[in-house]
Amino acid sequence: MQRAKRAPGLPGDLWKAAFSALEPSSRVRLNAYSPSFPVVGSRCDGFYLPDCRNLVLSSLFSADGTVSPSMRRRELMKSAAAGLLVTTASDAAPILSTELKFPTDFAWGVSTSALQIEGSLAADGRGPSIWDNVNGGVSRSPPEPAASHYRLWHEDIRLLQMLGVSAYRYSIAWPRLFPKASAPLNEAGLAFYDRLTDAVLSVGVEPWVCLHHWDLPEWVQQQGGWIRRDTVERFLEYARTVVRRLGDRVRHWIPLNEPNIVAYAGYGAGVWPPKLMNEEFFFDAVHHQNLAIGRLCRELRQPGWQVGPVLALGPIRPASGDARDVAAAELQRLVLEDAFLGPILLGHYPEALKIRMAPLLADGDLGTIHRAADFIGINYYGPMYRRAWPGAPFSNDGNVKLEGSPVTDGKIVIDPEGLGEILRLLRDHYDNPPVVITENGAAFDENVQDAQIQDQNRIAYLRAHLQVANRELSTGSNLRGYFVWTLLDDWEWTSGYDLKYGLVHVNFETGDRRPKSSFDWYSSTIRSARD
Ligand code: FCB
């Protein structure tokens with residue numbers, strides 16, 4: 001069996017070392033109840049435990065938060081960590097769009113997702129999703145009207161045509177098709193995507209259909225959501241319905257968007273729906289989503305089709321050279337990256353998680369997941385910085401502010417070289433699978449009073465990332481496409497309407513659309529790169 005190799009210069013065996021350094025009794029404590037880690041805010045009655053079992057990598061820290069003896073050896077890692085920190089934001093020199101050359105069959109696209117743009121939540125029999133009321137009811141940034149795409153989709157098809165993309169990644173809303181438990185297919189919901197797909201094709205754009213982008217039907221969550229293995233079956237039933245209808249036209253499929261963030265933020269850290277904070281649930285959600293991906297990719301295997309998952313990937317770096325922060329970052333990488341890339345590309349869970357995952361594995365699961373996908377989609381925005389926080393989920397504080405680094409409005413550190421790191425990680429350590437950058441973009445506020453909305457900072461961001469992508473492609477990365485996030489200003493989850501990512505400005509009251517300067521820039525970039 002192939003072994004995961006680590007990125008050069010990273011403290012690769014740190015966790016393995018930490019685990020083996022623990023006394024057997026401490027290893028038992030890895031499954032112990034941690035009173036400092038309570039379950040909060042369950043929306044899934046009957047599926048949370050009265051206590052919370054915890055991976056308790058925080059047991060590497062003593063109660064007062066000081067480092068345990070087993071951590072001392074990690075002092076050695078300090079210098080490595082300090083080395084990592086120098087690779088933060090870089091000032092990529094602006095380049096002319098005409099300098100970018102990509103293969104002729106490279107997919108040039110934009111991505112959107114159903115709940116973020118559609119609105120019309122009560123139209124045509126749609127049911128509720130777990131995200132509908134995340135911001136607390138109608139007055140506080142609900143995904144209604146979002147960008148009114150359900151009503152104005154014709155205009156958006158025209159925009160795709162003007163933009164000149166070759167590919168459009170959009171998602172299907174599961175709650176529009178299956179609004180209630182045991183309800184039959186809601187034909188009106190599916191008919192919308194049928195028309196939309198025809199329209200996408202009619203302007204010469206290739207549809208890339210994402211089957212599930214976070215908007216899990218409320219009824220699926222009430223049955224346990226991704227905690228339950230059965231949800232894989234529910235997902236497959238839904239997915240097959242879509243594929244039966246659109247499969248005569250759609251050749252590119254994405255089973256799930258960012259299952260790593262869903263598992264982490266939704267089930268482990270409890271910050272996003274379904275707001276469960278429980279490390280056991282996290283591992284359930286990891287495996288069941290990996291299985292859903294593997295099963296669907298295998299079912300959809302046929303000549304000319306491309307099926308692959310999309311993961312949120314970015315370098316995960318310690319916030320300081322302190323050994324505890326180094327460990328927190330490494331743990332984060334284990335759960336956000338290795339727990340997905342391991343089974344999907346190497347056929348096994350990372351060593352440090354094997355005991356944890358074993359009870360979840362049925363015969364054949366790993367074989368089903370391993371190399372089932374035709375490509376790996378990467379959503380890249382920027383690197384993540386982690387600081388140790390004993391007692392917090394996964395012992396880490398993700399809310400790290402780095403002084404002096406350029407950031408977007410979403411407080412994401414701008415670091416195009418981080419994209420290069422991820423592309424090289426996949427190239428050098430995972431046997432160079434076909435990869436597609438399925439999301440890349442930046443939120444910036446712009447002056448919408450100007451006749452032409454000048455979003456030069458977005459152009460600079462996109463240009464710098466494309467430049468890195470182009471360089472990695474020419475040095476052997478198996479990169480097949482690039483999708484900007486996103487076509488329209490939209491509803492950005494817990495940030496509501498505050499973060500503007502669109503190439504097109506949307507007036508949320510009237511639905512009016514106005515292409516920004518970045519729209520023109522991307523359009524001419526695509527044209528010249530394809531010439
Ligand atoms: C990604 C999500 C996408 C969008 C961007 C900004 O993580 O997949 O829906 O919100 O972030």
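Just so it is clear, the values below take in all heavy atoms, side chains as well, and ignore hydrogens, waters and symmetry mates. Numbering of ligands and ligand atoms starts at 1, following listing order.
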Exercise. Any cation-pi pair here, Arg386 with Phe394, using under 6.0 Å and within 45°?
Worked result: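 Not flagged: Arg386 not positioned over aromatic ring of Phe394.
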Short N or O distance, [X] and ligand 1, threshold 3.5 Å exclusive:
X      : value
Gln116 : yes
Trp485 : no
Trp493 : yes
Ser113 : no

For this session: Start with the C-alpha gap between Ser171 and His212, add the side-chain angles, then the distance that decides, and say whether side-chain contact (heavy atoms from CB on, under 4.5 Å) holds.
Result: CA-CA 6 Å; Ser171 79; His212 179 46; over 6 Å; no
Measure the distance from [atom] to every protein heavy atom, then report the residue, atom name and distance (to 0.1 Å) of the closest one.
atom                    : value
atom 10 (O) of ligand 1 : Glu492 OE1, 2.6 Å
atom 5 (C) of ligand 1  : Tyr381 OH, 3.2 Å
atom 1 (C) of ligand 1  : Glu439 OE1, 3.1 Å

Exercise. Quick check: does any side chain N or O of Trp491 sit under 3.5 Å from a backbone N or O of Ser141, one acting as donor and the other as acceptor?
Worked result: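 Yes, because the side chain of Trp491 sits within donor-acceptor range (under 3.5 Å) of the backbone of Ser141.
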For this session: Could you check if a side-chain atom of Asn186 sits within less than 4.5 angstrom of a side-chain atom of Phe178, using non-hydrogen atoms only?
Result: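 No, their side chains stay 4.5 Å or more apart.
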For this session: Using a 4.5 Å cut-off on heavy atoms from C-beta on, say whether the side chain of Tyr170 contacts that of Val200.
Result: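 Counting from C-beta outward, Val200 and Tyr170 do come under 4.5 Å.
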For this session: Using a strict 4.0 Å cut-off to heavy atoms of Asn379, name the atoms of ligand 1 that fall inside it.
Result: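 This gives 8 (O) as the contact atoms.
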For this session: List every atom of ligand 1 that sits less than 4.0 Å from any heavy atom of Glu258, numbering the atoms from 1 in the order shown and giving each element.
Result: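 Going through ligand 1 atom by atom, the ones under 4.0 Å from Glu258 are 1 (C), 2 (C), 7 (O), 8 (O).
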Exercise. Using heavy atoms and a threshold below 4.0 Å, how should the contact between Asn257 and ligand 1 be classified: side chain, backbone, both, or neither?
Worked result: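 Side chain only; the backbone of Asn257 stays clear of ligand 1.
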Exercise. Between Phe102 and Trp108, is the ring centre distance below 6.0 Å?
Worked result: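 Ring centres of Trp108 and Phe102 closer than 6.0 Å.
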For this session: Apply the side chain to side chain contact (heavy atoms under 4.5 Å, CB included) test between Met384 and each candidate in Val413, Leu336, Ile412; give the one that qualifies.
Result: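 Going through the options one by one, the only one that passes is Leu336.
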